[in-house]
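Report on the following structure.
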Amino acid sequence: MLLLVLTSGSALGADSAMVVGTAEADLPSAGLSLLRVMGALLFVLGLFFAGVWGVRNWRRMIPTGAAAPDLRVLEVKSLGVRQSLVVVGYRKQRMLLSAAPTGVTLLTHLPEADEADEAEAVAAGPSRVARPDFMVALREVLGRRS
């Protein structure tokens, strides 16, 4: 058994001496190694930031049709703190709704939209409710008090 340990130890020593001798001869320059490490780091950081951008903007990458949405909020008029009138369009139909803390109520059906109104709604894109200017709202509130 001792003979086996000694022969394996001498074989390992010969292999390690051979590796050390070849490793010293084939070492690349420090500048080239630093350039490779920096390149790998930039590659990994690029993959990371591309993944972050992909996660944040995944909806842009999904192809969507150019069709206009069928249901749109055409106009909103606030009647108080938590009450408002809403004009909603569904295809060519228009409806006047009342929104309050107790729920949403259909008040009446409005006349159907003509072709010019439909084209204008499609060109406007997704509907966004415009918020009144702060100064206008402040003047309205101060005007009500006096």
Which atom pair, heavy atoms only, marks the closest approach of [X] to [Y]?
| X | Y | value |
| --- | --- | --- |
| Ser78 | Ser84 | CA-CB, 4.0 Å |
| Leu106 | Met95 | CD1-CB, 3.8 Å |
| Pro101 | Arg82 | CD-O, 3.4 Å |

Query raised in the report: Judged by atom type as modelled, is there a donor-acceptor pair below 3.5 Å linking the side chain of Thr105 to the main-chain atoms of Leu107?
Result: no

Inter-residue atom distance [X].[atom1] - [Y].[atom2], 0.5 Å rounding:
| X | Y | atom1 | atom2 | result |
| --- | --- | --- | --- | --- |
| Gln83 | Lys77 | CD | NZ | 14.0 Å |
| Glu75 | Leu96 | CD | CG | 10.0 Å |
| Arg94 | His109 | CZ | NE2 | 14.0 Å |
| Leu71 | Tyr90 | CG | OH | 8.0 Å |

Which atom pairs, one a donor and one an acceptor, fall under 3.5 Å between side chains of residues 37-57 and the rest of the protein, sequence neighbours left out?
residue, atom, partner, partner atom, Å
Asn57, ND2, Trp53, O, 3.2

**Report entry** Single-linkage hydrophobic cluster, 4.5 Å side-chain cutoff, Val88 and Val104 together
**Finding:**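 Same cluster: Val88 reaches Val104 through Ile, Leu, Val, Met, Phe, Trp or Tyr contacts under 4.5 Å.
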
Query raised in the report: Quick one: does Leu97's side chain get under 4.5 Å of Leu85's, heavy atoms only?
Result: no

Query - Flag side-chain contact, heavy atom, 4.5 Å: Val87 against Leu110 - result: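 Answer yes - side chains close enough.
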
